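From a predicted model like this one, the values you see are computed outputs, not experimental measurements.
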Amino acid sequence: MLKATLRSFLAHKGRLALSALAVLLSVAFVVGSLIFSDTVGRTFDRLFASTAADVTVTPRESFDETIPSGHTPTLPAALAGRLARVDGVAAARAEVDVDGITVVDADRERVSPTSGAPTLAAVWNPTDRSPVELTSGHAPRADGQVMLDADTADRTDVRVGDRLTVIGPRGSFPVRVVGIATFTTTNPGAALVFLDTATAQKRLLGDPDAATAVSVDAADGVPDPELKRRVAQALGADAGAYELRTADEQAKSDVERLGTFLDVIKYVMLGFAGVAVLVGVFLIVNTFSMLIAQRTRELGLLRALGADRRQVRRSVLAEALLLGLFGSTAGLAAGIGLAIGLIELMGLLGMRIRTGEMVIGWGTPVAAYVVGLGVTFVAAYLPARRAAGVSPMAALADAEIADVGRPLRLRAVAGSVVGAAGAAALVGAAVSSETSTAASLLGLGILLTLVAAVVAGPLLVRPVIRVLGGAFPALFGPVGRMSQRNALRNPRRTGATAAALMIGLALVGGMSVASASMTQSFDQQIDKTLGADFVVQDGNFVPFPREITDRIRDTEGVGLVVRSQVTTIALRLPDGDRVRTTAAGYEPELDEVAHLTYARGDTAAALADGHLGMDREFAEEHGVRVGSTVPVEFQGGRQARLTVGALTDQESTEGFGTQGGVFFGLATLEKYAPGGQDAAVYVNGAPGTDADALRAALEKALEPYPQVQVRDVADYKELVHDQIAVLLYLVYALLGLAIVIAVLGVVNTLALSVVERTREIGLLRAIGLARRQLRRMIRLESVVIAVFGAVLGLALGLVWGVCAQQVLALQGMTALAIPWGTIVAVVIGSAVVGVVAALLPALRASRMNVLDAIAHE
């Protein structure tokens, strides 16, 4: 049996090749994502571990910023001298590290990265742990001198002696490049600007006695935990104001901050792997089902010669495992190549990781073979059981077990039960009033209806394909009639072939409806709430210095200017909850640039000194009313008790803003969280000023500050559309992968179908069917199968999308939009996919020798 199994596998290796390709794609994405995330993680682990001081002292913050406010926590620089005298301390240095910096050259072009990576300004305090070393020029020694990292200098063609402008939290100042520092480790993509200590304190912090951290080096023989204990003891009663971390703890903290970015990439890659696995299963099931159907006589002969059911089943599963072994090995190699490609891509985006440092842990090949062998084993199990049921008498007859005559009653019952449960979950999601409950029901409904569609798909083959192919006989004559009947011949096979395409198109249909609804809802909300002529914001939504706001005020044609800032706060609510959220501060003229709808109170009450406003639904949920006093904790540790002056009713606080929709007067924010920068400036033109002329004047005035942009309502809508498009591009990429594998499935099905119908094709050719007609027949069969999958997938996706929009409506996104253009394009594209998938099988069928085909066994 082993020898027969191996010979059978080698005899059908061509027919199994496309299934192996599906396994390869599944494994490659798993391996690529694991290697890439492990490599980047290990690289940054080494970077942070090698550069962290033995003990780092920073100001204690009650919570991390969720949205940058421009506020820089500081501590006394004199603390370094105090800690330097602690027993066991070899050295202590005051550090100044500030992000959100912008650097421009003499042509007002950005030297800072534009890809979202930060620009960091820091004090030049070289140690044996520094990630960079001086390689050209000299270190900064006085005000107006800076040193730049070599990667940024090379990218922007900056040389020693060039003049630049640094735009920091306290404003801009001119500098001259006096040195270049080269990374000795991985460059995380950031641009580094180094200054001397006095300049950094004066220009970046606005306080010659402040620092952002103190780095403490241990004397020989003093372990880090012991040094941390001594430093804490030396701080005494002041220790509670500071955060103390050892080198390991600091490195771990830095890695955790980076973890979100790495997790996004990893989970996106694993998402591709999941789609490849799911769609690949259908391809492999179909392939083995057809191979077993074609080998009915062969399997019957084995049974007649003495092979029992278990031996036949093991033989088929052994073929599947050989396929999985080959696909996993090839997928492991392809995954390594994919990881190298991702590393090179990140290099283009500024994160230079050496491919020679690529990490392939023991878990990666294990995962590759578990996925590859698991997929093929699971997919081949049912066909293997079916093979074991072949009767020895099948060897004596021209029999096959292609499931043509088996009733579909069991599928009908199972599909109906699962479909009814899925439909009930979707209805529950649509009518639920709780977002979390609705989202859970939506996910359950999508899963169950997808399973139901796969199970019951063959039941829909005959009615749907009779409609889709109804015009074929009239348009293409007997060839069209035969193509339609070929697709109807085996509903199980047609349903399984179309299922792979159905999954991808259901996903894209649902996401297209949801994204179109989100886009239209955002458009309506922007039209409803934004009343300013223009809004000036940083392109990456980073706060900017007051200097820019002053430049806006001085621009000719500007009438009203309203500043806004953001900050992270924590609310102590009457029901006992502590809610951390992002709040905004506005100047009193807010009503002139925005249209807010209030359930209680007004803008003046919300922005009054010692007051705040919040969303009505959030307030009702936590037992807050107008007049309630709410304890608020600000960044920097200051606390206040603010009175609720107004409740908004925007239909959208959760969807379009932040949790709670909390806002207050800018004077209140600056009182309790001073040092913040402006997040946005709303501008109205003076009476009689032309909007286009005002825009041109603003853009000209802000030329020295390329990080900020002038936007009107249309620009805001375009910005939102672009952000939603990023999600759509990901979905379309997943769709592309699903389509690739679905095409492989259609090609495999048609190719095996051609082999299965060799004698039939020979007879058709013998009675006068031309080669061109034969190719057309197979193409039409492929097209109707592909369009059937598209119609089923889009119908499912539309239902998902409408239910998803009802869930989004709980967050204020009340508009429902169905992108009919996308849907029509997908159906047409599916027909094209069918034509492409049929090219090779049709060509092969048309080249058959007629007499050999008629004599085929």
OG1 on T689 to CG on L694, rounded to 0.5 Å: 6.5 Å
Separation of T449 OG1 from L796 CG (nearest 0.5 Å): 5.0 Å
Close side-chain approach of S512 to P819, heavy-atom, < 4.5 Å: yes
OG1 on T555 to CG on L698, rounded to 0.5 Å: 5.0 Å
D99 side, atom CG; T72 side, atom OG1 - distance, nearest 0.5 Å: 7.5 Å
Pairwise side-chain contact, L596 with L590, heavy-atom cut-off 4.5 Å (strictly under): yes
Min side-chain heavy-atom separation R551-E547 under 4.5 Å: no
Ring centers of Y682, Y716 separated by less than 6.0 Å: no
Donor-acceptor side-chain pairing of Y598 and T603 below 3.5 angstrom: yes
Rounded distance [0.5 Å steps], CG in D649 versus CD in E617: 7.5 Å
E703, CD: over 12 other non-hydrogen atoms inside 6.0 angstrom: yes
R553, CZ: over 12 other non-hydrogen atoms inside 6.0 angstrom: yes
Sub-4.5 Å side-chain heavy-atom contact between Q707 and I548: yes
Note, D577 side chain near L571 side chain (heavy atom, < 4.5 Å): no
Short N-O contact, D715 and R695, less than 4.0 angstrom: yes
Lys/Arg N to Asp/Glu carboxylate O, K717 vs D527, below 4.0 Å: yes
Closest non-hydrogen atom pair between W800 and G510, with its separation: CB-CA, 4.5 Å
From D591 atom CG to L607 atom CG, the distance as rounded to the nearest 0.5 Å: 8.0 Å
Close side-chain approach of F522 and T519, heavy atoms under 4.5 Å: no
No-hydrogen, no-angle side-chain donor-acceptor test under 3.5 Å, Q635 and T567: yes
Any F544 side-chain heavy atom under 4.5 Å of V681 side chain: yes
Side-chain H-bond candidate by donor/acceptor type, Q537 with R711, under 3.5 Å: yes
salt_bridge(E699, R108) N-O dist < 4.0 Å: no
Working for side chain to side chain contact (heavy atoms under 4.5 Å, CB included), residues R546 and D678: CA-CA 7 Å; R546 188 73 58 84; D678 292 344; 3.9 Å; yes
Within-4.5 Å side-chain heavy-atom neighbours: T549 and V536: no
R638/E633 ion pair, N-O < 4.0 Å: no
Matching residue for V562 among V683, V593, N684 - test: side chain to side chain contact (heavy atoms under 4.5 Å, CB included): V593
Salt bridge flag under 4.0 Å for residues E589 and R563: no
Neighbour count above 12 (heavy atom, 6.0 Å) for E556 CD: no
